[in-house]
*Asks:* 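Got a structure here, written out as structure tokens. Questions coming.
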Amino acid sequence: MSHEVFDYSTTLGSAHFPNPIFTASGCAANGKELSAFFPLTDIGAVVTKSVMTNPRSGRATPRMAETPSGMLNAIGLQGPGIDTFLREDLPWLVEHGARTVVSIAGESVDEFAALSRKVRNSPGVSALEVNISCPNVENRGLVFACDRASAREVIEGVKRSVGNSLPIIAKLSPDVTDIVAIAQEVVGAGADGLAMINTLLGMVINTETMRPQLANKTGGLSGPAIRPVAVRAIYQVHAALPNIPIVGMGGVLTGNDAFELVLAGASAISVGTATFNDPSAPVRIKNELAELLVARGFTRFSDAVGFAHRAQA
Amino acid sequence: MSHEVFDYSTTLGSAHFPNPIFTASGCAANGKELSAFFPLTDIGAVVTKSVMTNPRSGRATPRMAETPSGMLNAIGLQGPGIDTFLREDLPWLVEHGARTVVSIAGESVDEFAALSRKVRNSPGVSALEVNISCPNVENRGLVFACDRASAREVIEGVKRSVGNSLPIIAKLSPDVTDIVAIAQEVVGAGADGLAMINTLLGMVINTETMRPQLANKTGGLSGPAIRPVAVRAIYQVHAALPNIPIVGMGGVLTGNDAFELVLAGASAISVGTATFNDPSAPVRIKNELAELLVARGFTRFSDAVGFAHRAQA
Amino acid sequence: MSATINSPIQSDCEVISNRRVGAYQHLTLAAPGISERVRPGNFVAISVGDSRSSMLLRRSFAIYQSTSRGPFGGTIEIIVAPHGAGSTWISQRAPHDRLNVVGPLGNAFKIPKDPVRALLVGGGYGSAPLFPLAEILRQKNSRVEMAVGASTAERIFAPVEGKRSVHSLAIATEDGSIGVAGRVTDLFDNSLSNIDIVYACGPMGMLKALTAIGERAGVTVACAVEESMACGVGLCMTCVLPVKDKTGVIKMVRSCVEGPIFDGDAVQWDGIGTIPPGTYGAPR
Amino acid sequence: MSATINSPIQSDCEVISNRRVGAYQHLTLAAPGISERVRPGNFVAISVGDSRSSMLLRRSFAIYQSTSRGPFGGTIEIIVAPHGAGSTWISQRAPHDRLNVVGPLGNAFKIPKDPVRALLVGGGYGSAPLFPLAEILRQKNSRVEMAVGASTAERIFAPVEGKRSVHSLAIATEDGSIGVAGRVTDLFDNSLSNIDIVYACGPMGMLKALTAIGERAGVTVACAVEESMACGVGLCMTCVLPVKDKTGVIKMVRSCVEGPIFDGDAVQWDGIGTIPPGTYGAPR
Ligand SMILES: Cc1cc2nc3c(=O)[nH]c(=O)nc-3n(C[C@H](O)[C@H](O)[C@H](O)COP(=O)(O)OP(=O)(O)OC[C@H]3O[C@@H](n4cnc5c(N)ncnc54)[C@H](O)[C@@H]3O)c2cc1C
Ligand SMILES: Cc1cc2nc3c(=O)[nH]c(=O)nc-3n(C[C@H](O)[C@H](O)[C@H](O)COP(=O)(O)OP(=O)(O)OC[C@H]3O[C@@H](n4cnc5c(N)ncnc54)[C@H](O)[C@@H]3O)c2cc1C
Ligand SMILES: Cc1cc2nc3c(=O)[nH]c(=O)nc-3n(C[C@H](O)[C@H](O)[C@H](O)COP(=O)(O)O)c2cc1C
Ligand SMILES: Cc1cc2nc3c(=O)[nH]c(=O)nc-3n(C[C@H](O)[C@H](O)[C@H](O)COP(=O)(O)O)c2cc1C
Ligand code: FES
Ligand code: FES
């Protein structure tokens with residue numbers, strides 16, 4: 001295999017990455033623990049756990065349940081808060097040479113704007129992921145990503161704060177009637193890219209206790225179970241917005257799975273739940289995908305992005 | 001185990017069933033083939049493949065793909081049309097003593113109304129399932145179940161045709177931002193019960209051909225992969241509409257899985273994809289669920305319906 | 001539609017043996033209850049993995065041999081080509097493992113009452129179900145010629161025992177590693193002189209080519225097709241293909257219950273993967 | 001938070017043996033690279049099923065014994081209680097099967113430099129990691145008493161070899177089928193006279209009761225907890241429990257990297273399954 005002639009690099013707005021395999025927010029903590037398994041510089045980028053303004057305890061346990069080919073989680077965005085994050089976690093990543101996509105989450109439009117301003121002013125950030133799959137406390141707890149107007153307002157606020165200093169990647173929820181409409185809305189508001197999909201809302205009931213298994217009752221469904229939903233969502237959005245880069249995720253366990261999302265239209269791939277199964281998954285998948293692309297005759301990764309829309313049967 | 005004292009019966013509006021295990025529409029054809037594996041009288045009801053006005057060829061092949069703990073299908077409602085169905089398939093079911101829920105599908109409000117009128121006039125039908133997860137040709141192909149107004153209009157039309165002669169069960173799609181809102185809408189329009197969930201829209205891309213695996217590109221995701229979504233949807237809707245019976249389905253493979261949906265709020269359980277894995281699944285699940293209920297001390301099935309909302313930790 | 005329902009049964013079958021034969025695995029399963037009712041052309045649907053497998057759907061396999069008696073009270077044999085994850089898993093089963101089998105499924109090759117001159121054409125593992133057919137035809141005093149083709153020698157399934165059931169056996173491989181170099185259809189003249197009926201099992205392309213040859217020669221070609229199946233027992237409608245019925249109407253028919261064997265003439269080979277114009281119930 | 005990162009490695013480990021011990025399976029795995037670095041209290045996370053399993057998450061097991069040399073170049077041993085689908089699958093592995101293991105994980109029991117009088121308390125399979133701890137304590141000239149409790153005799157894990165590493169061993173079963181009838185905490189007086197430190201591994205209820213006893217007696221209780229873990233390596237934040245830090249602030253800490261061993265005093269036992277009021281970052 002002649003990897004030398006293979007160009008694995010990818011681009012999200014103004015950010016360049018030597019390869020398209022990223023971690024998924026919330027599935028790699030803030031990088032440190034994963035670095036026991038591989039050098040973080042090997043992968044395209046580390047996407048950090050979505051961070052909020054203040055420290056968060058997260059939700060009560062149990063926070064997880066295994067489901068067929070997937071899992072539910074209800075962590076509740078436990079984290080140190082943006083200031084500690086920028087003081088401790090981000091510098092560690094920068095020091096270790098990891099390209100970093102910082103993921104932020106807020107409960108109001110203003111919180112998102114303020115968070116993004118702080119991130120903009122921090123050195124070493126490749127891109128900003130705006131996780132809008134959180135409840136909007138100012139609007140009956142409606143999830144931002146499930147409402148066109150709220151989604152637009154958040155991204156507009158972030159864009160005003162960040163300008164063109166950092167690519168803004170809006171992370172979408174699949175729990176909507178029309179994900180293309182939401183995608184168009186946030187792109188109209190200034191998003192440079194899209195991350196999709198976040199988890200699907202699910203529930204497991206423990207048949208011993210006869211109560212919901214999670215303390216929070218509902219949780220987010222991730223893992224290979226949801227991959228067909230991710231592929232469909234990416235395909236639909238890439239068809240509607242072919243020039244907007246997509247960070248694809250949802251159930252990627254192997255290079256072949258990553259390839260599916262790339263063919264659907266993803267310019268980068270985040271590996272989430274798979275990392276719990278195999279802490280080396282991001283590097284393994286990076287290598288497997290490269291092999292597949294080379295075997296299919298691609299000389300540039302970017303040529304494969306959205307290829308399923310173009311190829312004839 | 002003293003099954004004698006255990007009351008397994010269930011009720012959907014005016015219809016009574018000796019037990020709550022049904023087939024799922026489209027996963028049992030019209031009963032004949034399944035009767036090779038068990039007497040259809042053993043289960044609560046056979047839910048027939050959704051039938052339309054005219055004969056339908058369905059979609060081109062490939063129509064299916066296996067996915068992690070699930071499958072995609074894009075059959076395209078292949079079927080004989082309502083007249084042949086009522087002349088040949090329904091009488092066969094009635095003759096063999098099967099309680100029958102007839103599932104109808106239409107491309108317009110009028111088609112649904114006309115179909116339901118024909119079913120109303122046919123003897124031997126226990127209930128009418130209205131599969132509104134079809135594209136509305138009169139409204140840009142928008143799926144009825146994904147739009148409150150369209151969903152309401154269909155059920156209103158059916159209610160006008162059927163009155164109280166047959167329980168009307170509206171079958172909902174999970175591919176919506178707010179399934180409770182749709183449920184409330186159709187119940188307001190006259191639905192006596194709800195069937196949920198239909199499949200999730202998904203896609204598989206064949207990494208050999210680098211094209212969508214299904215001729216139709218997208219298909220419906222079913223099987224255990226989607227069970228957490230089904231449990232969540234049933235739980236939410238039962239919480240909002242505790243008096244409306246729900247026919248629960250989505251990834252039920254065992255009695256324990258069925259129990260999960262019952263605890264969430266299902267008054268009956270349809271077994272779909274599991275039947276492809278194990279053609280005896282409906283009866284097996286019926287027996288397994290009964291064992292579980294008796295082991296948990298229930299003397300009546302109906303006491304377990306929605307128990308997860310009541311039980312304390 | 002009057003489906004030929006075979007009254008299949010479902011049974012946990014012990015693996016008696018699993019031997020490698022070229023590129024294939026030859027599995028023998030104890031299948032009392034199923035084996036007695038097998039007719040050549042029938043298939044079985046086998047589930048994959050344990051109860052926690054992520055693979056839900058059964059895999060279908062043509063029945064190679066079946067015995068209705070013996071130390072195991074009846075066995076069936078299948079020839080498995082490890083391909084994707086499911087068939088690979090099945091191909092790796094060891095003696096004493098159990099496989100859940102549903103069968104016998106599908107229709108069978110029609111056997112003429114009177115002696116005929118039959119040509120049996122197999123592509124790859126498709127030859128497997130033709131050997132028991134050959135046996136029966138010979139018992140009826142028919143003359144049985146067989147032609148087997150594949151890409152390479154190890155994909156030719158033509159065991160020594162099998163050769164005893166045919167009067168002649170010709171082999172073609174695309175790489176010439178055994179037999180004639182070329183396609184199986186190169187093995188006999190297009191006129192099919194001295195042939196009354198052709199029985200075929202193999203890839204769609206081969207079946208289509210044979211049907212064309214049969215048409216020119218005025219000889220019926222009975223084709224065992226292989227369509228993706230989710231259930232194998234007639235429930236799901238995934239396995240359809242366009243087939244002309246007796247009145248000339250094209251219908252999308254289920255290959256698991258109305259097939260897998262169809263009269264080549266009736267199958268709309270060029271329409272597979274489409275809804276051919278004019279198909280019964282086609283979108284207008 | 002300064003997590004104790006153990007630099008775990010991931011390795012495909014061959015099963016050397018799998019023996020039944022009462023209600024448990026005792027598995028020995030060839031684990032060179034892992035075994036050398038094990039300290040008592042560490043655990044491993046093992047994946048379940050093949051690559052097509054529907055069960056994605058690893059299962060965690062305390063390390064019972066580890067040898068850093070030998071014919072297999074280093075082994076670890078675990079005691080598996082078949083419970084749900086995953087642990088049952090692991091408990092059924094046969095010699096030569098391979099298991100993917102990540103380890104060693106988590107912190108270890110702190111060993112006092114000077115000789116102490118230690119009480120080791122195990123509930124069910126929780127006694128397993130206490131035996132190697134006992135060995136080390138004895139090497140340091142400590143006095144080691146052990147108390148093991150379970151519901152019934154077959155759930156008592158106290159192998160003969162293990163008895164050699166302790167000065168005394170008391171057993172309690174709830175049904176009285178072996179040892180004293182009652183709970184393990186009934187085995188010693190609440191005053192813990194003559195005990196300097198307690199090490200405990202077992203169900204949360206036992207750990208909580210022991211912590212209370214230790215508090216009354218002014219004795220530290222080192223508790224190995226068992227929280228549901230999705231990753232075992234610090235990535236997911238599922239395995240948290242409320243623990244007071246040195247400054248008195250309650251934080252939700254990850255039991256996989258900052259535990260599984262905590263000072264019983266620090267753990268907010270009554271707050272498990274909640275966010276105790278005042279917890280750092282609690283919702284206001
Ligand atoms: C009637 C019939 C008889 C068959 N006889 C044999 C035989 O004797 N020996 C043999 O090796 N194979 C036979 N096959 C093909 C065998 O069933 C497929 O190779 C197998 O299903 C593919 O499964 P997989 O796990 O390898 O692939 P996967 O890609 O994992 O399969 C995914 C899904 O697609 C379906 N599928 C994929 N390819 C095929 C195919 N070619 N035909 C049907 N379904 C498919 C599978 O059943 C499964 O549901 C037969 C198929 C049919 C329909
Ligand atoms: C640090 C630690 C050490 C352990 N040591 C041992 C040991 O030495 N021997 C032993 O038999 N068991 C031990 N366990 C418990 C063992 O990990 C669980 O019994 C097992 O994970 C349950 O899996 P299952 O497949 O039986 O159940 P399932 O119900 O199939 O598990 C579903 C999911 O929930 C998680 N889960 C369920 N119960 C537990 C639990 N009690 N603890 C942690 N995760 C759970 C599983 O890991 C899995 O992700 C330990 C757990 C931890 C956290
Ligand atoms: C334990 C866990 C925690 C997560 N936390 C976050 C988060 O903080 N922010 C976010 O945007 N997504 C979060 N996600 C969603 C993932 O980033 C990803 O979108 C989703 O899990 C689908 O990918 P996967 O199937 O590869 O895991 C989390 C997922 C899991 C499983
Ligand atoms: C092959 C197939 C065909 C289906 N056809 C229909 C249909 O005609 N009408 C309908 O309402 N639902 C149809 N469904 C959806 C099922 O009835 C059911 O809602 C869904 O599959 C979820 O249940 P399951 O996971 O148990 O299969 C079909 C599902 C499958 C897999
Ligand atoms: S495979 Fe299901 S109908 Fe043929
Ligand atoms: S188990 Fe994932 S952080 Fe502890």
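Note on naming: letters A, B, ... go to the chains in the order of the sequence lines (proteins, then strands), and numbering restarts at 1 for each one.
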*Asks:* Which heavy atom of A:Ala36 sits nearest to which heavy atom of D:Ser7, and what is that distance?
*Replies:* CB-CA, 4.2 Å
*Asks:* Taking atom CE of A:Met71 and atom SG of D:Cys236, what is their separation to the nearest 0.5 Å?
*Replies:* 6.0 Å
*Asks:* Measure distances from A:Asn73 to the heavy atoms of chain D and classify the residue's part below 4.5 Å as side chain, backbone, both or neither.
*Replies:*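 Interface part for A:Asn73: neither.
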*Asks:* I need the A:Gln213 CD to D:Ser228 OG distance, nearest 0.5 Å.
*Replies:*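 Reported to 0.5 Å precision, the distance equals 7.0 Å.
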*Asks:* Heavy-atom distances under 4.5 Å only: say whether A:Thr275 touches chain D with side chain, backbone, both or neither.
*Replies:* both
*Asks:* Atom CZ in A:Arg56, atom CE in D:Met252: separation rounded to 0.5 Å?
*Replies:* 12.5 Å
*Asks:* Would you say that D:Thr238 contacts A:Phe276 through its side chain, given a criterion of any heavy-atom pair below 4.5 Å between the two side chains?
*Replies:* no
*Asks:* Between A:Ala60 and D:Thr274, what is the shortest heavy-atom contact and its length?
*Replies:*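 Taking A:Ala60 first and D:Thr274 second, the nearest heavy atoms are CB-CA, 3.6 Å.
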*Asks:* Carefully, step by step, assess D:Leu235 and A:Leu34 under the rule side chain to side chain contact (heavy atoms under 4.5 Å, CB included).
*Replies:* CA-CA 7 Å; D:Leu235 304 172; A:Leu34 215 48; 3.7 Å; yes
*Asks:* Give, as side chain, backbone, both or neither, the part of A:Ile75 having an atom under 4.5 angstrom from any heavy atom of chain D.
*Replies:*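 Interface part for A:Ile75: side chain.
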*Asks:* Less than 4.5 Å to any heavy atom of chain A: does that hold for the side chain of D:Val233, its backbone, both, or neither?
*Replies:* both
*Asks:* Hey, which of D:Gly84, D:Gly86, D:Gly234, D:Gly232 has the most heavy atom pairs under 4.5 Å with chain A?
*Replies:* D:Gly234
*Asks:* To check you understand the geometry: which heavy-atom pair defines the closest contact between A:Gly58 and D:Ile275, and what is its length?
*Replies:*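 Nearest pair, atom of A:Gly58 first, then D:Ile275: O-CD1, 3.3 Å.
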*Asks:* Given 3.5 Å as the limit, does a donor-acceptor pair link the side chain of A:Glu66 with the main chain of D:Leu57, or not?
*Replies:*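 Checking the backbone N and O of D:Leu57 against the side chain of A:Glu66, a donor-acceptor pair under 3.5 Å is found.
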*Asks:* Can you tell if the side chain of A:Pro279 reaches within under 4.5 Å of the side chain of D:Arg58, non-hydrogen atoms only?
*Replies:* yes
*Asks:* What are the two closest heavy atoms between D:Pro283 and A:Ser57, and how far apart are they?
*Replies:* CD-OG, 3.7 Å
*Asks:* Side chain from CB out, backbone as N, CA, C, O: work out which of these in A:Asp278 comes under 4.5 Å of a heavy atom of chain D, or both, or neither.
*Replies:*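 It is both, since atoms from each part get that close.
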*Asks:* Return the NZ to CD distance between D:Lys251 and A:Gln78, rounded to the nearest 0.5 Å.
*Replies:* 10.5 Å
*Asks:* Quick check on D:Arg93: does its CZ atom have over 12 non-hydrogen neighbours (other residues, nucleotides or ligands) under 6.0 Å away?
*Replies:* yes
